Amino acid sequence: MVINDILGVEEAEALLEWLLEHRDGQIDLSACNHLHAANLQVLMALRPTIVSWPDDPALADWLKTAFDEMESNHA
């Protein structure tokens with residue numbers, strides 16, 4: 001799944017449903033420039049493979065830090 005532009009709170013349920021239907025689904029965030037925290041929670045709960053992080057360095061760092069902390073807590 002390719003995420004473009006803004007992934008707002010309205011898309012959290014659709015993202016959850018897609019990830020539940022595609023357990024091996026991969027997420028491309030390269031074109032994402034905003035991701036609502038509800039979507040971050042979905043991604044963290046279902047742990048899909050992130051094939052590309054956002055091109056926006058600040059957003060990419062924020063997401064990578066969240067995922068790194070999640071992995072540290074599950075280790």
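Model, not experiment: these values are computed from the prediction. Just so you know, these numbers use all the heavy atoms, side chains as well, and skip hydrogens, waters and symmetry mates. Along the sequence shown, residues are numbered consecutively beginning with 1.
Minimum heavy-atom separation, Asp56 to Ala58: OD1-N, 2.9 Å. Taking each heavy atom of Pro54 and Ala60 in turn, the nearest pair found is O-CB, 3.4 Å. Annotation for Leu19 and Pro48: closest pair CD2-CB, 3.7 Å, computed over non-hydrogen atoms.
In this view, Leu16 and Leu20, Val42, Leu46 satisfy the side-chain contact (heavy atoms from CB on, under 4.5 Å) rule, not counting sequence neighbours. Partners of Asn4 by side chain to side chain donor-acceptor pair (under 3.5 Å), not counting sequence neighbours: none found. Listed by chain and number, the residues in a ring pair (Phe, Tyr, Trp, His ring centres under 6.0 Å) with Trp62 amount to none (sequence neighbours excluded). Taking the ring pair (Phe, Tyr, Trp, His ring centres under 6.0 Å) definition, one finds that His34 meets it with nothing, sequence neighbours left out. Annotation: side-chain contact (heavy atoms from CB on, under 4.5 Å) contacts of Ala38 (sequence neighbours excluded): Val9, Ala12, His36. For Ser30, the side chain to side chain donor-acceptor pair (under 3.5 Å) partners two or more places apart in sequence, or in a different chain, are Asp28. For Thr65, the side-chain contact (heavy atoms from CB on, under 4.5 Å) partners two or more places apart in sequence, or in a different chain, are Glu69. In this structure Asn33 satisfies the side-chain contact (heavy atoms from CB on, under 4.5 Å) test together with Asp5, Ile6, sequence neighbours excluded.
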Next on the checklist: Pair Ile27, Val51 - check side chain to side chain contact (heavy atoms under 4.5 Å, CB included), show working.
Outcome noted: CA-CA 6 Å; Ile27 305 293; Val51 294; over 6 Å; no

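Taken to the nearest 0.5 Å, the CG atom of Leu43 stands 6.5 Å off from the CG atom of Leu29. If you take CG on Leu35 and CG on Leu7, they are separated by 5.0 Å, rounding to the nearest 0.5 Å. With rounding to the nearest 0.5 Å, the separation of CG in Leu59 from NZ in Lys64 is 10.5 Å.
The list of side-chain hydrogen bond (donor to acceptor under 3.5 Å, both in side chains) pairs with a residue in residues 8-20, not counting sequence neighbours, reads Trp18-His22.
By the rule that hydrophobic residues join a cluster once side-chain heavy atoms approach within less than 4.5 Å of another member, Met1 and Leu40 end up as members of one cluster.
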